[in-house]
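Numbers for residues simply follow the sequence, beginning at 1. In listed order, ligands and their atoms are each counted from 1. Both backbone and side-chain heavy atoms feed into the values below; hydrogens, waters and symmetry mates do not.
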Amino acid sequence: MSVDGDVAVAVEHVWFGYRKAGSVLEDVDFRVPAGQSLAILGYNGVGKTTLLNLIVGLLRPSKGRAVINGKLIASVREVFELTERSNLIDSMSVRDNIRFRDLLFSGQGPARPTPGMEHLDRERLVVAFGLAEHLDKRVDELSSGLRKRAGLVAGLLFDPRLILLDEPTNSIDPLTRSLLLDCVGQLRGDGRTLVTVTHDLDYCWKVADRIIVLDDKRIALDRMTHDFADFDAFKKAATLGRQATHTDFGLTHTTATTIK
Ligand SMILES: Nc1ncnc2c1ncn2[C@@H]1O[C@H](COP(=O)(O)OP(=O)(O)OP(=O)(O)O)[C@@H](O)[C@H]1O
């Protein structure tokens, strides 16, 4: 089964459910043209991570298909997925994780620049994300922000063409966030295909060409970001026009009632 030439990812009438959670996605259908930066949005638990896992083949649709175009993206090496727990093995150091990836990918796909394994601490990505001093720490000894940075760098070092990011801006500090936005902007400028699952609307506005909003198991909105006049209009659409209402949580002591 083939995919149209310039399509990097095809999600075709996909249905999926977990045994316990029941149906999660119903008839989800879209294509990601090569070189597009797509953001997938939607409220907690709507099925965004599930969709990413269907694309990379970790899950199998009950109906339809989700495929990566093998003509454009020829090997596993060219696909990088940053998962929420990060794509690293906890019990190994960051350096060993990168070595392991290098070993796994050696001989796969067309010749591409490989990270200088002997001088990892001097690799541009490692230096830029401030990882040099953390290379020999075990992943499970890193803070969650450092783990995210390490996961990103370990994936990007191998020059992927299809980059799938699950909540990349979660738990990172403002400086790293701005580095990440810069980095994603450059990857987008370089024609890589990006699919980001996120709640970060500012990230979408800055580095996504298109947003898909999932709601109630289906695609509720599929729009190009340049279609919106300004960030406020974008934000309204991306949140499906819903607004938080004021809620009294009963946590204040402004009333003089005491429990006896
Ligand atoms: N392994 C699993 N087994 C059973 N149910 C699951 C599993 N993973 C996710 N679910 C359920 O499927 C639904 C979709 O989960 P998913 O993680 O894809 O949502 P999400 O949109 O990424 O959420 P969030 O924004 O909170 O990260 C949720 O109801 C979740 O509880």
Given that the side chain starts at C-beta and the backbone is N, CA, C, O, which of these parts of Lys48 lies under 4.0 Å from ligand 1, counting heavy atoms, or is it both or neither?
both
Test item, His199 contacting ligand 1 (heavy atom, 4.0 angstrom):
yes
Identity and distance of the protein heavy atom lying nearest atom 26 (O) of ligand 1
Asn44 ND2, 3.0 Å
So, are Asp166 and Lys48 salt-bridged, with charged N and O less than 4.0 Å apart?
no
Provide, to 0.1 Å, the distance between atom 23 (O) of ligand 1 and the closest protein heavy atom, together with that atom's residue and name.
Gly45 N, 2.8 Å
Protein contact of atom 10 (N) of ligand 1 - nearest heavy atom, named by residue and atom, plus distance:
Tyr18 CE1, 3.3 Å
Measure the distance from atom 18 (O) of ligand 1 to every protein heavy atom, then report the residue, atom name and distance (to 0.1 Å) of the closest one.
Thr50 OG1, 2.5 Å
Give me the ring orientation class for Phe234 and Trp205: parallel if the planes are under 30° apart, tilted from 30 to 60°, perpendicular past 60°.
tilted
Give a yes/no on ligand 1: does Gly47 have at least one heavy atom closer than 4.0 angstrom to it?
yes
Looking at Asp159 and Arg192, is any side-chain nitrogen of the basic one under 4.0 Å from a carboxylate oxygen of the acidic one?
yes
Closest protein heavy atom to atom 17 (O) of ligand 1, given as residue, atom name and distance to 0.1 Å
Thr49 CB, 3.8 Å
Any ion pair linking Asp102 and Arg99 (charged N to carboxylate O, less than 4.0 Å)?
no
Just to confirm my output: which protein heavy-atom neighbour is closest to atom 31 (O) of ligand 1, and how far is it?
Ala21 CB, 5.0 Å
Kindly state if atom 2 (C) of ligand 1 has a protein heavy atom within a strict 4.0 Å cut-off, that is, under 4.0 Å?
yes
